[in-house]
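The structure appears below as structure tokens.
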Amino acid sequence: MHHRLLPPDHAGALPVWPVAARALEAAPQAARDWAALVGFKAGAGELLPVPGAEGSLAGALLGLGDEEGGARGDAAMRSLLVGALAGLPAGDWRLAAQEGLDPALAAQAFLIGGYRFERYRKPQDGEGPRLVVPDGVDPDEAVAVAEAVALARDLINTPTNDMGPDGIEAAARALATEFGAEMRSVVGDDLLSQNFPMIHAVGRASAVAPRLIDLTWGASDAPKLTLVGKGVAFDTGGLDIKPASAMLLMKKDMGGAANVLALARLVMARRLGVRLRVLVPAVENAISGSAFRPGDVLRSRKGKTVEIGNTDAEGRLVLADALALADEEAPELLIDMATLTGAARVALGPDLPPFYTDDDAFAAALSEAASQVADPVWRLPLWSPYAGNLASKVADINNVTSDGFAGSITAALFLQGFVEQAKTWAHFDIYGWRPKAGPYGPVGGEAQAIRALHALVAAKYPSR
């Protein structure tokens, strides 16, 4: 991606004038006249190439929108609109004005906005536009962030026939090789002998064996950052089978794994001062004669027994075993990410992932970091009175409630029961998918919360 960014002293680039609706004064008169002629409204992310003499281009207008039209009132959110510049004609471009924008985020957005999933189709011809990096921007950081986002998107967009549990492992192993990390994988019946019974139970019905991926990187004496990602390569719902319409996007049920691997890539690329560990339980929740059943009671790594109220609540089961392992070494910060519940989407929609933690200082710091980099998250409560709704008559706990209320909260409470020693734990119930195209990216897999988490971790544990 480096070739798409040019140094600040690069000459000859065409100007892009960022303009708000009903406030085109920042652009030259000729550009304003052209905008009026073609009906350019300067909507958020709207792009208008401006003609020059004899068929050449004189520049382009980038709409920043307005409050009524959905424009973002803060510099960080406005800066993401620079992603629309990836749609400019090939050539060299520069931002003619940066007032009200965050230059670093603008450079990242330009790279991220140019993402295209091309594994199964002909790549676009040509190199596309290039952007002059604003003064003071670290192009290496912009590239690292954009490559992390692209990794998450690529992994989620890849269908399960090429991204099963073994495909997730291959992606993790490639990442480990690139950055000199150590990695091991516990596969198939070895999960039973090494005490990961719920990962085994959820994945044993698949033709591809379940596994636990375990990647480590960094100095052994550095603060421990552990990331756990739900790696359900495909979710039929198990014997409590999903309807066909609900299976259409289930290739994205490994979105938690994709996002923690992407965050790990960013941590390693920026050489942050942590001892990083990444745990991914990678399974397919399939249907066969060996599938686990409603009413089964599973014993977890922690020793707690779990009654299966519904086999479609499998993500929390595999996460529980992985979280129990992560918790055994009492990390400084333990993060898990999962496409866990539809209830989170009902509550907050696809673009605003909820997170849960009992560490108020961490929550405040994360919310501030998320605002600074325009990577939105929203804290929901670990409302302990709801934990009783997970009661079982035959086991220590049920994996679902009987009333169906507060599904995202009760899932978080279920997971909390497997974490005791970590100094700070946070759970992210992400969607991992962009249902509408926009300046920042196309429809498809999406990175969520990783830019905010990177900003927080980088501030606390800078590069060594």
Side-chain angles (χ1 to χ4, degrees), residues 140 144 147-148 150-152 154-155 163-196 199-200 203 208-231 233 254 256-283 301 318-338 418-419 421-425 447 450 453-454 457-458 460-464:
D140 291 333
E147 287 181 341
L151 175 62
D154 280 349
L155 294 176
M163 193 55 64
D166 51 350
I168 297 171
E169 179 181 349
R173 198 169 294 281
L175 193 64
T177 299
E178 180 178 355
F179 291 99
E182 296 180 3
M183 190 182 127
R184 73 182 188 105
S185 184
V186 184
V187 182
D189 288 346
D190 286 347
L191 290 164
L192 294 175
S193 62
Q194 296 188 39
N195 194 23
F196 301 105
I199 298 175
H200 182 272
V208 181
R211 63 206 64 208
L212 177 66
I213 298 159
D214 188 349
L215 179 152
T216 56
W217 172 90
S220 59
D221 61 344
K224 294 180 176 66
L225 166 64
T226 301
L227 309 176
V228 178
K230 174 187 170 185
M254 42 67 70
N259 272 271
V260 299
L261 288 172
L263 178 55
R265 178 185 183 85
L266 193 45
V267 168
M268 292 187 289
R270 302 304 291 161
R271 301 197 62 81
L272 300 187
V274 296
R275 200 285 265 148
L276 173 69
R277 188 179 193 185
V278 182
L279 296 170
V280 174
V283 303
R301 177 179 183 84
V318 299
L319 284 172
D321 271 358
L323 282 170
L325 173 63
D327 191 58
E328 288 166 12
E329 61 175 14
E332 183 86 6
L333 177 57
L334 173 56
I335 300 291
D336 80 72
M337 305 186 82
F418 293 84
V419 178
Q421 301 181 67
K423 181 177 179 182
T424 297
W425 165 72
I450 67 169
L453 285 165
H454 166 252
V457 174
K460 189 170 184 180
Y461 309 111
S463 302
R464 287 190 163 190

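All values derive from a computational prediction rather than experimental measurement.
- What you find for Pro165 and Ala282 is that their closest heavy atoms are CB-O, 3.6 Å.
- The CD1 atom of Ile335 sits 8.0 Å away from the CG atom of Leu263 when rounded to the nearest 0.5 Å.
- Inter-residue side-chain proximity for Val283 and Ile199 is flagged as met; some heavy-atom pair is nearer than 4.5 Å.
- Taking CD from Glu182 and OG1 from Thr216, the interatomic distance works out to 4.5 Å, rounded to the nearest 0.5 Å.
- Using a 4.5 Å heavy-atom cutoff, the side chains of Arg271 and Trp217 are in contact.
- A distance-only check finds a donor-acceptor pair linking the side chain of Ser463 to the backbone of Arg270 [under 3.5 Å].
- Side-chain atoms of His200 and Asp189, non-hydrogen and from C-beta on, do get closer than 4.5 Å to each other.
- Between Arg211 and Ser185 the shortest heavy-atom distance is CB-OG, 3.8 Å.
- Between Gly203 and Pro210, the shortest heavy-atom distance links the atoms O-CD, 3.5 Å.
- Contact between Val274 and Ala222 at its shortest, heavy atoms only, is C-CB, 3.6 Å.
- In this structure, the side chains of Met268 and Glu178 stay at 4.5 Å or more apart for every pair of heavy atoms.
- For the pair Trp425/Asp336, a side-chain contact is recorded, criterion being any heavy-atom separation below 4.5 Å from C-beta on.
- Nearest heavy atom pair, residue Leu212 against residue Pro281, reads CD1-N, 3.8 Å.
- At least one donor-acceptor pair under 3.5 Å links the side chain of Arg301 to the backbone N or O of Asn195.
- For the atom pair NZ of Lys230 and CG of Leu319, the computed distance is 7.5 Å after rounding to the nearest 0.5 Å.
- Between the CG atom of Leu155 and the CD1 atom of Ile168 there is a distance of 8.0 Å, given to the nearest 0.5 Å.
- The nearest pair of heavy atoms linking Ala172 to Leu261 is CB-CD2, 4.0 Å.
- In this structure, OG1 in Thr226 is found 9.0 Å from CG in Asp214, a value given to the nearest 0.5 Å.
- Leu333 is listed as a side-chain neighbour of Val457, based on a closest heavy-atom distance under 4.5 Å.
- The structure places CD1 of Ile450 at 7.0 Å from CE of Met337, a figure rounded to the nearest 0.5 Å.
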Would you check, one step at a time, whether the test side-chain contact (heavy atoms from CB on, under 4.5 Å) holds for Leu272 with His454? CA-CA 9 Å; Leu272 300 187; His454 166 252; 4.0 Å; yes

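- Side-chain contact between Thr424 and Glu332 is absent, with no heavy-atom pair separated by less than 4.5 Å.
- Remark: Lys224 does not engage Glu329 in a salt bridge, criterion side-chain N to carboxylate O under 4.0 Å.
- Of the residues listed (Leu215, Val228, Leu325), the one engaging Arg277 in a side-chain contact (heavy atoms from CB on, under 4.5 Å) is Leu325, and it is the only one.
- Side-chain contact check for Leu323 versus Leu334: some heavy-atom pair is nearer than 4.5 Å.
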